[in-house]
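Here's the structure, in structure tokens; my notes come after.
Computed from a predicted model, the values in this text were never measured in an experiment.
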Amino acid sequence: MNRVRIGIVGIGNMGSSHAKYISAGEVAGAELAAVCDISTDRLRWAKEQFGETLQTFETVDAMLDSGAVDAILICNLHFDHPGTSMKAFARGIHVLCEKPAGVYTKQVREMNEAADASDVRFAMMFNQRTNPLYIKLKDLIDSGELGEIRRTNWIITTWYRTQSYYDSGNWRATWAGEGGGVLLNQCPHQLDLWQWTIGMLPTRVRAFCSFGKYRDIEVEDEVTAYVEYPNGATGVFITTTGETPGTNRFEITGDRGKIVIEDNKLTFWRLRVPEPEFNRTAKTGFGQPECWKFDVPVGAAPNGHKAVTQNWVDSIRKGTPLVAPGQEGIRGLSLSNAMYLSAWTDDWAELPLDEDRFHELLQQRIAASRFKK
């Protein structure tokens, strides 16, 4: 395939952002061929912005059946991501899906099964996987430099949002319209990176969510979660949209030291002797292993959205391995689903998740939501 004809589903904030760099020719081997949106005003805007040759459609089915696109970039509402993806898979059309993969893992699991049964390239827009900070962190963990993981701690409170933000759309921050709050809207990148960099999911989660604590919304705007991993390690994840100034600090401790990512820097405190070895041989009760501190150089971050799109197009054209395979979207989503389930039941949530129980409780909240489609 010489050029991949891309159609964008949903030409709102994110969809229009993707459309601009694709239309400008900034993704080699790709062209913006079509857009789809339920709003005729947005379709009219797209024509004016990107030219009369751009094809526009009011329904996903019409665009997928038109023969105008080889691949689609999905930017519609969270609930619609799996269904839109599966329609494309059934027609042999490649998919790049904005985060999150969906609202609940039961639906996303069906999407993954449909992708596996197709012959298409399916990717998630996890643009932070192209960030050299997290690439280096994953490398240091995978190579054994940090040793066995003992503890993770991510404080991500830089998601400040005003009431005006939530009032900008009647679907925002509602169970029926968006399916969740800070965990589902703002934090999917961190939840993905959390599991991707350390290479494992927890076995159980205990979470405390505050719903509408700082804003007039239905869903969570503050979360503190504690997790336990298969190897005995523990972790904490803290986030909110109601705090400023915020903090973004990811700390990972292993038996060979500690790594902290904060203020766009990666700092490694490296133990000269692994802690278990020092403990076995120490002759004093108060000594510590010799420790070296490094500010690890990582390089400048690329335009992550564009980088993921380029990788997806290269995968379609050349078979290049995907940076963010679509099937991995369920992993971070399982973390947010588990946090909700724990908060709703005031109990531990085990992983793998009880997907039927989660879906049942989510549907109760959707039925009581003030947003009506």
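Within a 6.0 Å sphere centred on CG of Asp167, other residues, nucleotides and ligands contribute more than 12 heavy atoms. Within 6.0 Å of atom CD in Gln288, 12 or fewer heavy atoms from other residues, nucleotides or ligands are found, so the atom counts as exposed in its surroundings. Residue-environment remark: CG (Asn231) exceeds the threshold of 12 foreign heavy atoms within 6.0 Å. Heavy atoms of other residues, nucleotides or ligands lying less than 6.0 angstrom from CZ of Arg91 number more than 12.
The distance from the CD1 atom of Ile141 to the CD1 atom of Ile252 is 5.5 Å, given to the nearest 0.5 Å. Atom-to-atom distance recorded for Thr253:OG1 and Glu275:CD is 11.0 Å, nearest 0.5 angstrom. Once rounded to the nearest 0.5 Å, the distance linking OG1 of Thr56 with CZ of Arg42 reads 13.0 Å. To the nearest 0.5 Å, the span separating CE on Met111 from CG on Asp116 amounts to 10.5 Å. To the nearest 0.5 Å, atoms NE2 (His78) and CG (Leu333) are separated by 10.5 Å. Ile8 contributes atom CD1, which lies 11.0 Å from atom NZ of Lys20 (distance to the nearest 0.5 angstrom).
Taking 4.0 Å as the cut-off between side-chain N and carboxylate O, Lys106 and Glu355 do not count as a salt-bridged pair. Here Arg204 does not pair with Asp347 in a salt bridge; the nearest charged N to carboxylate O distance is not below 4.0 Å.
Classified by interplanar angle (parallel below 30°, tilted 30° to 60°, perpendicular above 60°), the ring pair Trp175/Phe211 is tilted. Note on ring orientation: taking the six-membered ring where Trp is involved, the planes of Phe358 and Trp344 are parallel (angle under 30°, cut-offs 30° and 60°). Relative ring orientation between Phe89 and Phe122 is described as perpendicular, the plane-to-plane angle rising above 60° on a 0-90° scale split at 30° and 60°.
No donor-acceptor pair under 3.5 Å is formed between the side chain of Arg129 and the backbone N or O of Tyr134. In terms of modelled atom types and a separation under 3.5 Å, the side chain of Arg249 and the main chain of Val260 share no donor-acceptor contact. The backbone N or O of Phe250 lies less than 3.5 Å from no partner atom in the side chain of Glu262, so there is not a single donor-acceptor pair. Judged by distance alone, with hydrogens and angles left aside, the side-chain atoms of Ser315 form a donor-acceptor pair with the main-chain N or O of Thr320 at under 3.5 Å. A donor-acceptor pair under 3.5 Å is formed between the side chain of Glu220 and the backbone N or O of Gly181. The closest donor-acceptor contact from the side chain of Asn131 to the backbone of Leu133 lies under 3.5 Å. The main-chain N or O of Ala207 is found under 3.5 Å from a side-chain atom of Ser342 such that the two form a donor-acceptor pair.
A continuous path of hydrophobic side-chain contacts links Ile198 to Met339 [ILVMFWY only; heavy atoms under 4.5 Å]. Cluster membership for Ile366 and Tyr104, using ILVMFWY side-chain heavy atoms within less than 4.5 angstrom, is shared. Two different hydrophobic clusters hold Trp292 and Leu271 under the rule that ILVMFWY side chains link at heavy-atom gaps under 4.5 Å. Cluster membership check: Leu362 shares its hydrophobic cluster with Leu351, using side-chain heavy-atom separations under 4.5 Å among Ile, Leu, Val, Met, Phe, Trp and Tyr.
Exactly one residue among Lys306, His305, Glu98 makes a side chain to side chain donor-acceptor pair (under 3.5 Å) with His18. That residue is Glu98. Looking at His359, Glu360, Arg365 one by one, the single match for side chain to side chain donor-acceptor pair (under 3.5 Å) with Gln363 turns out to be His359.
There is no side-chain donor-acceptor pair under 3.5 Å between Thr240 and Tyr160. A donor-acceptor contact closer than 3.5 angstrom is absent between the side chains of Trp159 and Asn185.
A cation-pi arrangement is found for Arg172 relative to Tyr165, the charged atom lying closer than 6.0 Å to the ring centre and inside a 45° cone about the ring normal.
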- Task: Please step through salt bridge (charged side-chain N to carboxylate O under 4.0 Å, His left out) for the pair Arg270 and Glu145, ending with a clear verdict.
- Result: CA-CA 8 Å; Arg270 177 69 149 77; Glu145 284 290 326; 3.1 Å; yes
- Query: How far apart are the C-alpha atoms of Asp346 and Arg206, what are their side-chain angles, what is the distance that settles it, and do they pass the salt bridge (charged side-chain N to carboxylate O under 4.0 Å, His left out) test?
  - Reply: CA-CA 8 Å; Asp346 194 20; Arg206 185 69 176 96; 2.5 Å; yes
